[in-house]
Amino acid sequence: MRRTKGQKVFPADYVFGAAIGLVVGSNLYLGPHIKGERVAMQWGLTDRPTWYAPKWVALWGMVVFMLAIRLLVELASTYAPQSLHQAELGIAGFSVVLTAAHIFVLKMAEEAI
């Protein structure tokens with residue numbers, strides 16, 4: 001995943017950028033529709049929430065988490081490139097999965113009473 005001199009951005013970075021944009025957009029759109037101050041973050045086998053987070057953490061924590069993981073991959077590609085395998089696929093995959101999970105959590109919170 002090491003960048004060559006002429007290569008500035010990876011194709012996976014476009015997926016990551018779109019994912020960040022979608023997460024921020026969904027926060028701005030769905031955030032005001034969430035009535036409670038706490039948001040269910042995980043559900044158990046009984047379809048009941050197992051833990052909650054403050055609303056601001058549920059909304060903006062995902063953006064911080066995604067940026068931190070991307071920074072970690074960038075640092076690994078710079079300082080330990082031999083330890084990365086299929087980094088572009090990983091970046092694109094985690095971007096899609098985390099975005100879908102985030103939107104699911106926000107939609108569930110929006111529907112909660």
Side-chain angles (χ1 to χ4, degrees):
M1 181 167 147
R2 190 160 201 130
R3 291 188 176 138
T4 60
K5 189 172 185 175
Q7 188 177 13
K8 301 281 189 234
V9 178
F10 288 115
D13 288 332
Y14 293 117
V15 175
F16 179 75
I20 288 289
L22 191 56
V23 167
V24 169
S26 64
N27 287 348
L28 295 174
Y29 179 74
L30 293 173
H33 297 162
I34 298 172
K35 293 172 184 62
E37 287 302 313
R38 299 188 64 74
V39 174
M41 299 299 291
Q42 182 179 4
W43 291 263
L45 296 175
T46 61
D47 289 336
R48 304 203 40 92
T50 56
W51 68 279
Y52 295 83
K55 183 177 171 180
W56 69 271
V57 172
L59 290 172
W60 301 106
M62 182 60 78
V63 175
V64 173
F65 178 70
M66 289 175 74
L67 291 171
I69 294 298
R70 183 62 188 97
L71 177 62
L72 181 67
V73 171
E74 183 65 31
L75 290 173
S77 70
T78 301
Y79 297 108
Q82 71 281 1
S83 65
L84 289 179
H85 305 287
Q86 301 291 324
E88 280 198 62
L89 182 61
I91 292 167
F94 104 87
S95 298
V96 170
V97 169
L98 289 181
T99 301
H102 183 68
I103 291 172
F104 173 78
V105 166
L106 294 184
K107 291 299 285 179
M108 295 294 287
E110 179 186 35
E111 295 169 5
I113 296 175

Engineer: When you compare the side chain of Leu89 with that of Phe94, does any pair of heavy atoms fall below 4.5 Å?
Structural biologist: no

Engineer: Check whether Met41 and Ile34 end up in the same hydrophobic cluster, where Ile, Leu, Val, Met, Phe, Trp and Tyr are linked by side-chain heavy atoms less than 4.5 Å apart.
Structural biologist: yes

Engineer: Would a hydrophobic clustering, with Ile, Leu, Val, Met, Phe, Trp and Tyr connected at side-chain separations under 4.5 Å, put Leu30 with Ile20?
Structural biologist: yes

Engineer: Side chains of Ile91 and Val15: does their closest heavy-atom pair fall under 4.5 Å?
Structural biologist: no

Engineer: Can you see which heavy atom on Ala87 is nearest to which on Val73, and at what distance?
Structural biologist: CB-CG1, 4.4 Å

Engineer: Got a second to check how far Glu74's CD is from Tyr79's OH, nearest 0.5 Å?
Structural biologist: 9.5 Å

Engineer: How far apart are the closest heavy atoms of Ala12 and Ala92, and which atoms are they?
Structural biologist: CB-N, 4.2 Å

Engineer: Going by side-chain contact (heavy atoms from CB on, under 4.5 Å), name the residues that satisfy it together with Leu28, two or more places apart in sequence or in a different chain.
Structural biologist: Val24, Trp60

Engineer: At what distance, to the nearest 0.5 angstrom, does CG of Leu98 lie from CG of Leu22?
Structural biologist: 12.0 Å

Engineer: For atom CD of Gln86, decide whether the heavy atoms of other residues, nucleotides or ligands shown that lie under 6.0 angstrom number more than 12.
Structural biologist: no

Engineer: Considering only heavy atoms from C-beta outward, does the side chain of Arg38 approach that of Pro54 to under 4.5 Å?
Structural biologist: yes

Engineer: Glu110 and Leu106: side chain to side chain contact (heavy atoms under 4.5 Å, CB included), yes or no, with the steps?
Structural biologist: CA-CA 6 Å; Glu110 179 186 35; Leu106 294 184; over 6 Å; no

Engineer: Can you tell me how far the NE2 atom of His102 sits from the CG atom of Asn27, to the nearest 0.5 Å?
Structural biologist: 3.5 Å

Engineer: Please identify each residue that fulfils side-chain hydrogen bond (donor to acceptor under 3.5 Å, both in side chains) with Lys55, with sequence neighbours left out.
Structural biologist: none

Engineer: Looking at every heavy atom in both Leu84 and Ala76, which two are closest together, and how far apart are they?
Structural biologist: CD1-C, 3.9 Å

Engineer: Below 30° counts as parallel, above 60° as perpendicular, anything between as tilted: where do the rings of Phe104 and Trp43 land?
Structural biologist: perpendicular

Engineer: May I ask whether Val105 and Val63 are part of the same hydrophobic cluster, defined by side-chain heavy atoms of I, L, V, M, F, W, Y residues being less than 4.5 angstrom apart, directly or through others?
Structural biologist: yes

Engineer: Could you check whether any side-chain heavy atom of Pro49 comes within less than 4.5 Å of a side-chain heavy atom of Gln42, counting everything from C-beta outward?
Structural biologist: no

Engineer: Side-chain heavy atoms under 4.5 angstrom apart, residues restricted to Ile, Leu, Val, Met, Phe, Trp, Tyr: same cluster for Leu59 and Val57?
Structural biologist: no

Engineer: Are Met108 and Met62 linked, directly or through other ILVMFWY residues, by side chains that come within less than 4.5 angstrom of each other?
Structural biologist: yes

Engineer: When you check the gap from the basic side-chain N to the acidic O, do Lys107 and Glu111 get nearer than 4.0 Å?
Structural biologist: no

Engineer: Judged by atom type as modelled, is there a donor-acceptor pair below 3.5 Å linking the side chain of Thr99 to the main-chain atoms of Val23?
Structural biologist: no

